[in-house]
Amino acid sequence: MSNSAGHSRSTPLHSVSVAGVVREDGRVLAIRRADNGTWEPPGGVLELTEAVEDGVRREVFEETGIKVGVERLTGVYKNVNRGIVALVFRCRPESGSERLSEESTAVAWLTPAEVSDRTAEVYAVRVLDALREGAAPAARSHDGRQLLG
């Protein structure tokens, strides 16, 4: 399979990330990332030998101090510029309390309106997709800043 135009062939290179949209009492858990200052749902790169749901639980706990139960897949998002495929899951908090980590400078429970105000479009849509009841998982592409298509 080719990932480039013309006759040349190449091997597509992608990384897989996972994120958890943790919801409770009409709010969702978000972090302000230490590396770039942006607000996002907690998540990160899936380890090579790690099961997907284990990766979600690990990433959310590492970045927030909250242990979660994974409910369901709510969306698949591809950054076409960086080759990152993100799997986003709706989660429920089970135990723990909010704390900062090396990866987060703030942890907060935000309303959907606050998510839309504080996060970039490509992260806000992940949260809003996860909050839709009964909807099939979304499949979206973006360029790192805006949705495509």
Side-chain angles (χ1 to χ4, degrees), residues 1 3 12-149:
M1 179 177 287
N3 68 347
L13 298 176
H14 292 85
S15 67
V16 177
S17 70
V18 292
V21 175
V22 184
R23 63 184 189 149
E24 183 175 60
D25 297 330
R27 295 182 179 268
V28 296
L29 190 61
I31 65 162
R32 186 172 55 215
R33 293 179 52 95
D35 60 353
N36 61 18
T38 62
W39 283 93
E40 300 177 9
V45 176
L46 186 65
E47 294 177 3
L48 190 59
T49 60
E50 188 172 42
V52 175
E53 289 184 359
D54 291 342
V56 174
R57 286 187 284 270
R58 176 186 54 79
E59 284 289 345
V60 172
F61 180 71
E62 285 178 0
E63 294 181 358
T64 69
I66 304 293
K67 290 187 179 182
V68 298
V70 177
E71 294 179 344
R72 71 177 188 89
L73 176 70
T74 58
V76 178
Y77 306 86
K78 182 177 181 185
N79 181 325
V80 298
N81 291 337
R82 297 185 61 204
I84 300 170
V85 176
L87 307 173
V88 179
F89 292 82
R90 183 187 304 162
C91 301
R92 67 186 174 286
E94 293 186 335
S95 65
S97 59
E98 298 86 359
R99 63 159 171 71
L100 301 182
S101 72
E102 291 181 5
E103 298 177 64
S104 60
T105 61
V107 177
W109 291 93
L110 305 177
T111 65
E114 289 170 326
V115 167
S116 294
D117 288 342
R118 291 189 192 185
T119 65
E121 177 185 41
V122 296
Y123 296 107
V125 72
R126 295 173 191 198
V127 172
L128 299 176
D129 285 346
L131 296 177
R132 292 188 337 214
E133 293 297 334
R140 302 180 189 272
S141 295
H142 63 90
D143 63 7
R145 293 178 183 252
Q146 296 181 330
L147 295 174
L148 302 176

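Heavy-atom basis, side chains included; hydrogens, waters and symmetry copies ignored.
- Other residues, nucleotides and ligands contribute at most 12 non-hydrogen atoms within 6.0 Å of the CZ atom of R145.
- Taking OG1 from T49 and CG from D54, the interatomic distance works out to 10.0 Å, rounded to the nearest 0.5 Å.
- Contact of the T64 side chain with the E98 side chain is not registered, since no non-hydrogen atoms from C-beta on lie closer than 4.5 Å.
- R140 contributes no side-chain N or O that, together with a main-chain N or O of G149, makes up a donor-acceptor pair within less than 3.5 Å.
- Here CZ of F89 is found 8.0 Å from OG1 of T74. Values are rounded to the nearest 0.5 Å.
- Closest approach of N81 to D143, counting heavy atoms only: ND2-O, 2.9 Å.
- Inspection of the E103 and S101 side chains reveals no N or O donor paired with an N or O acceptor under 3.5 Å.
- Residues R90 and E133 meet the side-chain proximity criterion, which asks for heavy atoms closer than 4.5 Å.
- Put simply, CD on E62 and CZ on R99 are 8.0 Å apart, with the number rounded to the nearest 0.5 Å.
- To the nearest 0.5 Å, the span separating CG on L46 from CG on L87 amounts to 7.5 Å.
- Side-chain contact check for E114 versus R27: some heavy-atom pair is nearer than 4.5 Å.
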Open item on the list: With side chain to side chain contact (heavy atoms under 4.5 Å, CB included) as the criterion, how do V127 and T119 come out once you've worked through the C-alpha distance, each side chain's angles and the decisive distance to 0.1 Å?
Closed with: CA-CA 10 Å; V127 172; T119 65; over 6 Å; no

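- Contact between E63 and V107 at its shortest, heavy atoms only, is O-CG2, 3.8 Å.
- The distance from atom CD of Q146 to atom CD of E121, rounded to the nearest 0.5 Å, is 6.0 Å.
- Counting only heavy atoms from C-beta outward, the side chains of V88 and Y77 approach each other to under 4.5 Å.
- When each of K67, R23, E24 is paired with P93, the side chain to side chain contact (heavy atoms under 4.5 Å, CB included) condition holds for E24 and for no other.
- Taking CD1 of I31 as the reference point, atom CG of L110 lies at 11.5 Å (rounded to 0.5 Å).
- At least one side-chain heavy atom of L131 sits under 4.5 Å from a side-chain heavy atom of V28.
- Taking a cutoff of 4.0 Å between a charged side-chain nitrogen and a carboxylate oxygen, R126 and D129 do not qualify as a salt bridge.
- A heavy-atom distance below 4.5 Å is not found between the side chains of D25 and W109.
- Residues R32 and R118 fail the side-chain proximity criterion, which asks for heavy atoms closer than 4.5 Å.
- R33 and T38 form no side-chain donor-acceptor contact under 3.5 Å, judged by distance and modelled atom types alone.
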